[in-house]
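Following: one structure in structure tokens, then a few remarks.
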Amino acid sequence: MDRIKVHDKTFKTLITYDSLMEAIDRVAGRIEADFKDSKEVPVLLCILNGSIMFTAELMKRLDIPVELISMKLSSYSGMKSTGKVREVMGLTGSLEGKTVIVIEDIIDSGRTIEDIARIVKEKGAKETRICTMLFKPACYTKDIPIDYVGMEIEDDFIVGFGLDYDELGRNRKDIYVLDKAMKYFILFGPPGAGKGTQATAMVENYNLCHISTGELLRGEIAKGTELGLKAKALIDAGELVPDEVVEGMIENKFKTVTGVSGFLLDGFPRTIAQAQALDAMLAKSQEEVTACVSLMIPDEMIKERIKHRASVEGRADDANDETINNRIRTYHSKTEPLVEYYKNAGKYEEIDGIGTIDEVRGRIADVMDKF
Ligand code: AMP
């Protein structure tokens, strides 16, 4: 099995080029049989860009006169169906009075094909048939009959043979499916629980990329960026920076980091809104949070640990009592509700954060090994 990287995702072979060719042979045979005794010259309506490869392979197998017209629509943005279908390029020829075979790469919910069928009818076609390389029967919600199907597939996210993920991957001759092996761990806990300390061993042992939003923000402050300047005032006061800022940082990391088995999120999510945004981000690629590993220490210990860290690391937000108190308040009011959120999702794993670094590390390893 072959594995490829498209943007931030890893995909593995699902359908080989040879199997695709056999399926297209069968589709071509059926179309030819339907039209060989007909006086109609059917129009193959290639829906750009996804159907380019399928249309080309299909056309060269048809030993009957056919006309080719193309139409470009945009229905996917990123990985999720937006539900909006737009006629972007219009048609490259007239459909008036013609028998039209719409050539699609893939049909899932059927929203796109419903719009296409309507457009084709409005353009005066005499008859419309639908032909698709791939069909997801479990997702199809419309009544329009699909006349020619190359292959039926499960509800997976795929690329290759004309299909893209954010415009890349179309040139692959096989079809690939998203490899869902990526793990997304959340390292949760109050400030000073030891998240940063434990993260180092976790990322090494499990080949994860450690993303600490606090560290990213301190990096921006050190560089003196506009974002850093805005964040500094909030961080120094023990407040949270706006959700969109940290969400953008996380999404950017997911997209750019390669060669890891997953991510360890440290200091994110910190609000219910951030947790929902994370779920939505991952759902776009049919992925999800693996587990929320929660390091718990009592409130008295939070201050003690932070004061100790201040003497070692010299973080401005660790040195001031007022800031520390506000961070603890912010934790209880905005971040702690996430415990329920992840308990409800069946993803919450609590670890006693009291003990030596090695003791706590051992407890974390016992939990992580389950995944
Ligand atoms: P940390 O290093 O995780 O303790 O974060 C230091 C500070 O950065 C926090 O007190 C917040 O002001 C800010 N920060 C870090 N992560 C987030 C987040 N997910 N949402 C909002 N603010 C954050």
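Computed from a predicted model, the values in this text were never measured in an experiment. Just follow the structure's listing: the first ligand is 1, and inside any ligand the first atom is 1.
Listed by first then second residue, pairs satisfying ring pair (Phe, Tyr, Trp, His ring centres under 6.0 Å) with a partner in residues 345-371 read F185-F371, not counting sequence neighbours. Among residues at least two apart or in separate chains, there is no ring pair (Phe, Tyr, Trp, His ring centres under 6.0 Å) pair with a member in residues 273-317. Listed by first then second residue, pairs satisfying salt bridge (charged side-chain N to carboxylate O under 4.0 Å, His left out) with a partner in residues 140-151 read E114-K142, not counting sequence neighbours.
Note on E287 versus K284: no salt bridge recorded, every NZ/NE/NH1/NH2 to OD/OE distance being 4.0 Å or above. The pair E300-K303 does not count as a salt bridge, with every side-chain nitrogen at least 4.0 angstrom from each carboxylate oxygen.
At a heavy-atom cutoff of 4.0 Å, ligand 1 is surrounded by T213, G214, L217, R218, I235, E239, L240, V241, V246, G267, F268, R270, Q274, R315, D317, R327.
Checking side-chain atoms of S51 against main-chain N and O of I103 turns up a donor-acceptor pair under 3.5 Å.
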